[in-house]
Amino acid sequence: MTAYDAIVLAGGAANRLGGADKPGLRVGGRALLDRVLAACPDAGSTVVVGGRRATVRPVTWTREVPEGGGPLAALDAGVRRTGADRLLVLSADLPFLGGRTVRTLLDAADAVDLEGALCTDREGRDQPLVAVYHAEPLRRELALLAAEYGSLAGLPLRLLTAELDLARVEADPLASFDCDTWEDIAAARARIREHGTVLDEWITAVKNELGIELDVDTAVLLDLARDAAHGVARPAAPLTTFLVGYAAAMANTGRSPEEGARAVAEASRKATALALRWEEETQADSGPGTP
């Protein structure tokens with residue numbers, strides 16, 4: 001993985017949301033800002049430009065000058081607090097941004113003779129706040145724009161991207177979906193609850209809430225819960241999965257997340273086998289000829 005710093009722009013007046021605290025609005029039980037921070041956990045340094053608040057992981061805070069000066073002024077403030085050669089630049093209202101998109105942008109930005117890479121949306125429009133920039137040309141163009149216009153305040157981002165040689169990346173169509181209105185917030189919340197994604201979203205939310213870095217085989221745990229409920233009794237399902245988690249934690253103290261995942265799988269295997277043995281005994285005892 002290419003070393004990089006991350007800059008998240010979390011200011012703005014949110015006028016289309018009635019002045020609401022947009023980075024703090026929750027989608028799937030998590031603040032929008034926290035969802036964006038979860039997409040770049042391996043950034044060397046993460047700078048958030050905006051008002052300070054509790055976040056899912058430590059970040060460096062700064063503000064644009066003047067406050068409310070717009071995205072270019074905010075980007076400049078963030079760049080000044082970074083030191084990496086690659087800068088991931090994101091807005092704080094991207095509920096569906098994932099690590100895969102971040103990796104794709106980093107890989108695209110590393111192409112020879114390019115100065116960065118940005119996402120395009122479904123209509124092919126540039127998304128300069130879902131992008132990776134090389135630090136040196138980014139600093140150069142920000143300085144030139146400030147000199148030309150006297151200030152970066154109020155300037156549009158297109159003035160910057162027009163001067164940089166950037167790759168265009170057609171990533172996940174949802175990666176650049178941003179929440180500018182209450183209708184956008186409602187659409188994001190509804191999508192998260194769709195049948196095909198709700199479990200993954202819920203597990204991710206729980207892991208972030210509990211500070212757990214662990215890849216869990218959901219199918220294994222669901223099978224275990226089913227076998228315990230069917231072979232023993234319905235209340236056995238949540239109790240068994242809890243005990244499996246506890247056993248895995250005890251066996252994995254001080255070890256890596258990968259070893260933790262293996263511990264969960266092994267504990268699940270043992271508990272599943274026990275539930276199946278329990279069911280076999282129950283069926284045998286209730287079969288023909290049972291005293």
- Message: Can you tell me how far apart CG (Leu17) and CG (Asp180) are? Round to the nearest 0.5 Å.
- Response: 7.5 Å

- Item | 4.5 Å side-chain heavy-atom contact, Ser91 and Lys22 | no

- Query: Under the side-chain contact (heavy atoms from CB on, under 4.5 Å) criterion, do Phe96 and Arg191 qualify, and how do the steps go?
  - Reply: CA-CA 10 Å; Phe96 302 115; Arg191 184 172 185 84; 3.9 Å; yes

- Message: To the closest 0.5 Å, what do you measure between CG (Leu152) and CG (Leu157)?
- Response: 10.5 Å

- Task: Would you check if Asp223 and Thr272 make a side-chain contact, meaning some heavy-atom pair closer than 4.5 Å?
- Result: no

- Note on the structure: Taking every heavy atom of Thr240 against every heavy atom of Ala228, the minimum-distance pair comes out as OG1-CB, 3.7 Å

- Can you tell if the side chain of Thr104 reaches within under 4.5 Å of the side chain of Asp172, non-hydrogen atoms only? no

- Evaluate the salt bridge (charged side-chain N to carboxylate O under 4.0 Å, His left out) criterion for residues Arg53 and Asp21: first the C-alpha distance (whole Å), next the side-chain angles of each, then the deciding distance (0.1 Å), finally the verdict. CA-CA 11 Å; Arg53 67 187 67 239; Asp21 175 25; 2.7 Å; yes

- Would you find more than 12 non-hydrogen atoms of other residues, nucleotides or ligands less than 6.0 Å from Arg57 atom CZ? yes

- Does the salt bridge (charged side-chain N to carboxylate O under 4.0 Å, His left out) test come out yes or no for Asp5 and Arg81, once each step is laid out? CA-CA 10 Å; Asp5 287 345; Arg81 302 298 297 272; over 6 Å; no

- Message: As an exercise, state the distance from CG of Asp121 to CD of Glu170, rounded to the nearest 0.5 Å.
- Response: 10.0 Å

- Taken to the nearest 0.5 Å, the spacing of Thr82 OG1 from Ile7 CD1 works out to 4.5 Å

- Note on the structure: CG of Leu94 to CZ of Arg35, rounded to nearest 0.5 Å, is 10.5 Å

- Message: With heavy-atom distances below 4.5 Å as the criterion, would you say the side chains of Asp76 and Glu64 are in contact?
- Response: no

- How would you list, by chain and number, every residue that makes a side chain to side chain contact (heavy atoms under 4.5 Å, CB included) with Val59, sequence neighbours excluded? Leu37, Thr46, Val48, Thr55, Trp61

- Message: For the CZ atom on Arg140, are there more than 12 heavy atoms of other groups (residues, nucleotides or ligands in this structure) within a distance under 6.0 Å?
- Response: yes

- Task: Look at the side-chain heavy atoms of Ile, Leu, Val, Met, Phe, Trp and Tyr, link any pair under 4.5 Å apart, and say whether Leu129 and Leu33 land in one connected group.
- Result: no

- Do other residues, nucleotides or ligands put more than 12 heavy atoms under 6.0 Å from the CZ atom of Arg100? no

- Query: Is Leu145 reachable from Leu87 through a run of hydrophobic residues whose side-chain heavy atoms are each under 4.5 Å from the next?
  - Reply: yes

- Query: Under 4.5 Å between side-chain heavy atoms, hopping through other hydrophobics if needed: is there a path connecting Trp182 to Ile192?
  - Reply: yes

- Query: Would Leu138 and Leu75 count as a side-chain contact (heavy atoms from CB on, under 4.5 Å) if you check the C-alpha gap in whole Å, the side-chain angles of each, and the deciding distance to 0.1 Å?
  - Reply: CA-CA 10 Å; Leu138 179 60; Leu75 178 56; 4.1 Å; yes

- Considering only heavy atoms from C-beta outward, does the side chain of Val47 approach that of Arg80 to under 4.5 Å? no

- Message: Using every non-hydrogen atom in the two residues, find where Ile185 and Cys179 come nearest and quote the distance to one decimal.
- Response: CD1-CB, 3.5 Å

- Common cluster, Leu159/Val79, ILVMFWY with side-chain heavy-atom separation under 4.5 Å: yes

- To the nearest 0.5 Å, how far apart are CG in Asp93 and CG in Asp178? 4.5 Å

- Task: For the pair Arg189 and Val27, evaluate side-chain contact (heavy atoms from CB on, under 4.5 Å) and give the outcome as yes or no after the intermediate values.
- Result: CA-CA 5 Å; Arg189 288 171 173 169; Val27 172; 4.3 Å; yes

- Does Arg168 reach the main-chain N or O of Leu166 with its side chain, forming a donor-acceptor pair under 3.5 Å? yes

- Asp126 side chain vs Pro128 backbone, donor-acceptor pair below 3.5 Å: no

- Note on the structure: Residues Ala39 and Val102: closest non-hydrogen pair is O-CG2, 3.6 Å

- Message: Just so I know, are the side chains of Thr120 and Gln127 near enough to count as touching, which here means a heavy-atom distance under 4.5 Å?
- Response: no

- Any chance you could lay out the side-chain contact (heavy atoms from CB on, under 4.5 Å) test for Leu142 and Leu72, step after step, and finish with the verdict? CA-CA 8 Å; Leu142 287 170; Leu72 273 184; 3.9 Å; yes

- Which atom names give the shortest non-hydrogen contact between Leu32 and Pro95, and what distance separates them? CD2-CB, 3.8 Å

- Query: Are any non-hydrogen side-chain atoms of Asp42 and Tyr4 less than 4.5 angstrom apart?
  - Reply: yes

- If you look only at pairs with a residue in residues 120-160, which of them pass as a ring-ring contact (aromatic ring centres under 6.0 Å, His included), with sequence neighbours excluded? none

- Message: Do Leu90 and Leu9 sit in one hydrophobic cluster, given that two such residues count as connected whenever their side-chain heavy atoms are within less than 4.5 Å of each other, even indirectly?
- Response: no

- Is the backbone N or O of Leu160 less than 3.5 Å from a side-chain atom of Glu141, with the two atoms forming a donor-acceptor pair by type? no

- Task: Work out which heavy atom in Ala109 is nearest to a heavy atom in Ala117; give both atom names and the distance.
- Result: N-CB, 3.8 Å

- Can you check whether Thr181's main-chain N or O pairs, donor with acceptor, with Asp184's side chain at less than 3.5 Å? yes

- Measure across Ala10 and Pro23 and return the closest heavy-atom pair with its distance rounded to 0.1 Å. O-CG, 3.4 Å

